[in-house]
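Encoded as structure tokens, the structure appears first; notes follow it.
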Amino acid sequence: MADIQDASDAIKVAERIQQELSLPLKLDEQEVFTSASIGIALNSTLDYDQPEQLLRDADAAMYRAKALGKARYALFNRDMYASALARLQLEADLRRAIQLHEFQVYYQPIVSLLSGSIIGFEALLRWQHPQRGLVSSADFIPLAEETGLIVELGDWILYEACHQMQAWLVQYPHHSCPKMSVNLSGKQFSQPNLIEQIRHTLLSTGLNPHYLTLEITEGVIAQNDDEAVAILLQLRQLGVEISIDDFGTGYSSLGRLYHFPISVLKIDRSFVHPITTDNRNLDIIEIIIALANKLGLSAIAEGVETPQQLAILKNLNCQSVQGYFFSEPLSSSQATALISANPQWCC
Ligand code: C2E
Ligand code: CA
Ligand code: CA
């Protein structure tokens, strides 16, 4: 916009746009509502040489507006500049890291409370950063999702995890045969060639699909709905199991849950963590376990750290658990050593 004296002029325009957009639109006799997140950058804040720089900063401000909630506006400031720069840096680092093979897969055991033995592993992505050391996925997965890099990374980890699982099956044919769980992001889930890609990975690693479980969050199926059921059915037909990750933190329609071809509900750590101090979380876990039983699914409690939490979960008849109490995520060689030790936790 030309002729802007100060920020208040731009804000007035942003407010007017939002007001206009808040009115319903008619599409085929249906009333439709929409909203906009608006980022504002002023030429006077920084001395810009290029129009792209102004657009970049307005974009950063728009992301801040989105983070504040729906239908908001935000004004660009120098702090955002620093965080926008850090994001750009991280994105460039991630692209470089893919090329330089700096990613590793770590494996966290999932333990049966009935037998005390390992019934599976969850594959978790780690980044061996040349300066920062081992970086946890929580610090880069959200950006990888946003930029779409997660698709490439996701394909890679799926291959690595299937390959590892097949190697363990060959190496330890007489041990209880665990399953491999791999996280599937929303972006990956909506790839048109998802089924083909998974089929291809299974074929090239030689892994029987029955040894693979894919973890998806409630949000992923809620977003896609009917299409999601069709994809899940195709995965089931392939022989792959589906697990709902972080269950209880999203907005699953319980009615629809019944129709989803899933096998496992993973109870989110945020319910498990406070169970020794907060009865409400205990009730929620009890309800999720009852729901899983009723639907013929198994429940895995995530983030078990203490013997107290374990005792409570056992009391609630939770079948399986995962968490630092048993083991942190392990490198491939550490996980191999664990399988070969064949541990029996007396639960
Ligand atoms: P998630 O799928 O819920 O994975 C469990 C996270 O909890 C892991 O964090 C794990 O290290 C951590 N954890 C396990 N036990 C405990 C415990 O007892 N206490 C505590 N405090 N934490 C525990 P991580 O590896 O940092 O992963 C964070 C998230 O990043 C994952 O949450 C998952 O959503 C995502 N992620 C990780 N690897 C991948 C991947 O390969 N693909 C995709 N799409 N997402 C991934
Ligand atoms: Ca997971
Ligand atoms: Ca989880």
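Quick note: numbers below take in every heavy atom, side chains included, and nothing from hydrogens, waters or symmetry partners. Read the numbers this way: they start at 1 and go in the same order the structure lists the ligands and their atoms.
Annotation: side chain of I300 is not in contact with side chain of I267 (no heavy-atom distance under 4.5 Å). At a threshold of 4.5 Å between non-hydrogen side-chain atoms, the residues F76 and L42 do not count as touching. In this structure, the side chains of Y73 and Q18 come closer than 4.5 Å at one or more pairs of heavy atoms. Between V272 and D268, the closest side-chain pair of non-hydrogen atoms is not below 4.5 Å. Two residues are said to be in side-chain contact when any heavy atoms from C-beta on lie closer than 4.5 Å; I285 and L316 meet this criterion.
Remark: R280 fails to qualify as a cation-pi partner of F271 under the 6.0 Å distance and 45° angle criteria applied to the six-membered ring.
One finds an angle of 150° at the Ca ion (ligand 3) between OD1 on D246 and OE2 on E302, to the nearest 10 degrees.
Which of Y324, W156, F325 comes nearest to atom 23 (C) of ligand 1 through a heavy atom is settled by distance: it is Y324. Of all the listed residues (V105, T217, I141), I141 holds the heavy atom that lies closest to atom 45 (N) of ligand 1.
Residue-to-ligand polar distances keep I157 apart from ligand 1: every N/O pair is separated by 3.5 Å or more. At a 3.5 angstrom cut-off on N or O pairs, E305 counts as close to ligand 1. Close N/O approach between Q108 and ligand 1 is found [any backbone or side-chain N/O within under 3.5 Å].
Contact annotation: for E302 versus ligand 1, heavy atoms closer than 4.0 Å belong to the side chain alone. If you look at R126 next to ligand 1, the close heavy atoms, those under 4.0 Å, all belong to the side chain. When non-hydrogen atoms are compared, ligand 1 lies under 4.0 Å from neither the backbone nor the side chain of Q322. Residue-level proximity to ligand 1 for D245 is carried by the side chain, the only part with a heavy atom below 4.0 angstrom. At a heavy-atom cutoff of 4.0 Å, ligand 1 is contacted by the side chain of P329 but not by its backbone.
Residue-level check: among N/O/S atoms of D245, OD1 sits closest to the Ca ion (ligand 3). Take the N/O/S atoms of E122: the one nearest the Ca ion (ligand 2) is OE2.
Listed by atom number, the atoms of ligand 1 under 4.0 Å from V304 heavy atoms are 18 (O).
For atom 37 (C) of ligand 1, the nearest non-hydrogen atom of the protein is S137 OG, 3.2 Å. Counting protein heavy atoms only, atom 7 (O) of ligand 1 is closest to R269 NE, 4.7 Å.
At least one N, O or S atom of N183, from either the backbone or the side chain, sits less than 3.0 Å from the Ca ion (ligand 2). In summary, D268 places no N/O/S atom under 3.0 Å from the Ca ion (ligand 3), failing the contact criterion. Among the backbone and side-chain atoms of E215, none of the N, O or S atoms lies under 3.0 Å from the Ca ion (ligand 3).
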| message | Checking K187 against E146 for the salt bridge (charged side-chain N to carboxylate O under 4.0 Å, His left out) test, could you report, in this order, the C-alpha distance in whole Å, the side-chain angles of both residues, the deciding distance, and whether it holds? | response | CA-CA 9 Å; K187 276 256 165 62; E146 228 174 80; over 6 Å; no

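Checked against a 6.0 Å centroid threshold, the rings of W168 and F121 count as neighbours.
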